[in-house]
Amino acid sequence: CQPAESPTYILHLPLHSFESHADHNVYPSAGVLFVHVLEREYFKGEFPPYPKAGDSSNDPITFNTNLKGYPDRPGWLRYIQRTPHSDGVLYGSPASEHVGKPTIIEITAYNKRTFETARHNLVINIMSTEEFPLPYQAEFFIKNMNVEEMLASEVLGDFLGAVKNVWQPERLNAINITSALDRGGRVPLPINDLKEGVYVMVGADVQFSSCLREVETPQNQLRCSQEMEPVISCDKKFRAQFHIDWCKISLVDITKVVPVHSNRPDPGTGVLPDIGEYNPPSESLKNRDYFADFLITLAVPSAVAMVLFIILAYSMCCRREGVQKRNMQTPDIQLVHHSSIQKSTKELRSMSKNREISWPLSTLPVFHPVSGEVVPPIHPDSYETTSMLLMQTQT
């Protein structure tokens, strides 16, 4: 007989174990593009094997990168990883002020299948070189590439080869690569395999070639202002693999750029100087006489208002002429005319109220039903009333 099976309990707990690798040192140069690929295969040995043989490559692994002791990366260093099934890439261009300062980047890999993590440090030792920065720098905008595609060594090498074919310098290096999204570009529509675009800056030690200068001609500048493609003789050397927007090319000669120095104050220690103990004012305050303030703010405006009131009252009440005085100063003939006009107006108004005129019932002629004669309109009163005198003076 078989023994009875004991019940099995499965407890899901988050795993927070960190496997740390040895520090990995890299030595980029200031003013030169730095690219470091975070390979998923490098971290897979730290995670449990996949249940099915041959499927370990399907583990979804994402990376988190940050400056040691800080939540984010340095300003010059960027990171990109499109999907959990693709490698991550650290890239950027260190400046001369970063020389001699080791930058420690903590790289944490997350396995989304097992919820385990692995961590190692990347030590970036930035070196200085006398050849850089190169004096002549050109920035190209490539429309048919994404930034992670351009960071691939073979693709970047093909582009630098095409530029060297056109430019013919002795030294040519990639200085920086920037995604168009970091320059304010818009995310393309997911149709026809559209790309977001990428800016690539290269530097050389010789003057710009005549082909690169063609974009500065008035004809090409006019075409660019009309959103038309300029006519560039060397475009065919790039067109097979790279579609360049020649209207967005930037040519900079750093030997002619005037440096701008800002005068910044020397930072202090952040500690206030010791000037002794603080002595607050005494609690006993002197008495103050506010009578003068009362006179200025209340008594003086009240006195001025009273004087103005008296002047206004005298003008309104004591300087009135009156009807009797007005009549005494008016000529007699004017008073007689005014009186006669008033009497005539009063008489006309009384007569208009007393007159009684009968209005006709109809103003249309009437036809006799038997004889057919036309008779005048019917009036209840005699026609004599309509000729009543309106005024007694009429004849």
Side-chain angles (χ1 to χ4, degrees), residues 31-35 75-76 78 80 82 89 91-93 95 132-152 154-169 172-258 260:
V32 182
L33 177 66
F34 164 70
V35 179
W76 63 270
R78 294 178 179 176
I80 186 172
R82 288 288 176 177
V89 183
Y91 66 100
S93 179
F132 303 101
L134 295 173
Y136 305 100
Q137 300 177 0
E139 187 178 56
F140 300 85
F141 177 62
I142 305 173
K143 298 183 289 185
N144 65 325
M145 287 284 176
N146 287 337
V147 62
E148 71 275 8
E149 298 174 344
M150 199 67 202
L151 289 172
E154 61 275 7
V155 178
L156 183 59
D158 293 342
F159 178 75
L160 293 178
V163 175
K164 191 170 185 179
N165 234 348
V166 171
W167 203 337
Q168 299 295 333
L172 179 71
N173 282 280
I175 298 177
N176 199 4
I177 292 180
T178 309
S179 172
L181 301 181
D182 296 331
R183 297 284 189 90
R186 303 178 66 179
V187 178
L189 296 174
I191 56 176
N192 299 330
D193 196 22
L194 295 178
K195 305 294 184 178
E196 62 193 31
V198 60
Y199 290 89
V200 181
M201 178 178 288
V202 298
D205 57 346
V206 297
Q207 285 278 358
F208 303 109
S209 63
S210 58
C211 170
L212 299 179
R213 291 287 188 184
E214 289 178 1
V215 74
E216 298 178 349
T217 60
Q219 295 82 3
N220 285 331
Q221 290 293 322
L222 178 61
R223 294 177 67 90
C224 288
S225 63
Q226 297 175 351
E227 297 184 357
M228 300 172 59
E229 291 189 5
V231 180
I232 306 296
S233 60
C234 58
D235 181 56
K236 58 184 179 181
K237 296 184 179 180
F238 297 90
R239 182 64 63 173
Q241 188 176 0
F242 307 101
H243 296 173
I244 297 178
D245 188 347
W246 292 100
C247 291
K248 294 184 179 181
I249 189 173
S250 174
L251 306 177
V252 179
D253 184 358
I254 64 175
T255 60
K256 298 181 181 180
V257 176
V258 179
V260 178

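We use all heavy atoms of the structure for the numbers below, so side chains are in, but hydrogens, waters and symmetry mates are not.
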In plain terms, say whether Arg223 and Glu214 are close enough for a salt bridge, that is, a side-chain N and a carboxylate O under 4.0 Å apart.
-> no
Taking all non-hydrogen atoms of both residues, which atom of Tyr136 and which atom of Gln207 are closest, and how far apart?
-> OH-NE2, 3.2 Å
Output, in order, the C-alpha distance, side-chain angles, deciding distance and verdict of side-chain contact (heavy atoms from CB on, under 4.5 Å) for Leu251 and Glu216.
-> CA-CA 10 Å; Leu251 306 177; Glu216 298 178 349; 3.7 Å; yes
So do Val200 and Phe141 actually touch side chain to side chain, heavy atoms under 4.5 Å?
-> no
If we only count heavy atoms from C-beta on, is the Ile142 to Tyr199 side-chain gap below 4.5 Å?
-> no
Separation between CZ (Phe34) and OG (Ser93), nearest 0.5 Å, reads 11.0 Å
Would you name the heavy atoms of Phe238 and Val166 that are closest together and state the gap between them?
-> CE1-CG2, 3.7 Å
Do Gln137 and Ile254 have side chains that get closer than 4.5 Å, going by heavy atoms?
-> yes
Closest approach of Ile175 and Gly31, non-hydrogen atoms and distance?
-> CG2-O, 3.7 Å
Report yes if the side chains of Asp205 and Leu172 come closer than 4.5 Å at any heavy-atom pair, otherwise no.
-> no
State, to 0.1 Å, how close Leu134 and Ala204 come at their nearest heavy-atom pair, and which atoms those are.
-> CB-O, 3.5 Å
Leu151 and Ile177: side-chain contact (heavy atoms from CB on, under 4.5 Å), yes or no, with the steps?
-> CA-CA 8 Å; Leu151 289 172; Ile177 292 180; 3.7 Å; yes
Worked verdict on Val198 versus Lys143 for side-chain contact (heavy atoms from CB on, under 4.5 Å) = CA-CA 7 Å; Val198 60; Lys143 298 183 289 185; over 6 Å; no
Does the side chain of Phe242 come within less than 4.5 Å of Asp158's, by heavy atoms?
-> yes
Do Lys195 and Glu149 sit within salt-bridge range, that is, some charged N less than 4.0 Å from a carboxylate O?
-> yes
Do Trp167 side-chain atoms and Leu212 backbone N/O form a donor-acceptor pair below 3.5 Å?
-> no
Would you check if Ile244 and Ile249 make a side-chain contact, meaning some heavy-atom pair closer than 4.5 Å?
-> no
Determine whether more than 12 heavy atoms belonging to other residues, nucleotides or ligands lie under 6.0 Å from atom CD of Gln226.
-> yes
Which atoms form the tightest heavy-atom contact between Leu181 and Val187, and what is the distance?
-> CD2-N, 3.9 Å
Are Arg183 and Glu196 ion-paired here, with the side-chain N under 4.0 Å from a carboxylate O?
-> no
Shortest non-hydrogen pair, Gln241 vs Met145, comes out as O-CE, 4.0 Å
Indicate yes or no for a side-chain donor-acceptor contact from Gln221 to the backbone of Val215 under 3.5 Å, with no hydrogens or angles considered.
-> yes
Walk me through it: do Glu139 and Val252 pass the test side-chain contact (heavy atoms from CB on, under 4.5 Å)?
-> CA-CA 9 Å; Glu139 187 178 56; Val252 179; over 6 Å; no
Nearest 0.5 Å, what's the CE-CG distance between Met150 and Leu33?
-> 10.0 Å
Check the angle between the aromatic planes of Phe140 and Trp246 and answer parallel, tilted or perpendicular using the 30° and 60° thresholds.
-> perpendicular
Would you mind reporting whether Arg82 and Ile80 have side-chain heavy atoms less than 4.5 Å apart?
-> yes
Do Thr217 and Asn220 have side-chain N/O donor and acceptor atoms under 3.5 Å apart?
-> yes
Heavy atoms of other groups near Glu229 CD, more than 12 under 6.0 Å | no
Separation between CE (Met228) and CG (Leu222), nearest 0.5 Å, reads 8.5 Å
Got a second to check how far Lys248's NZ is from Cys224's SG, nearest 0.5 Å?
-> 11.0 Å
Measure the shortest side-chain to side-chain distance between Ser179 and Asn146 over non-hydrogen atoms and say whether it is less than 4.5 angstrom.
-> no
Just checking, any donor-acceptor pair under 3.5 angstrom between side chains of Gln168 and Ser209?
-> no
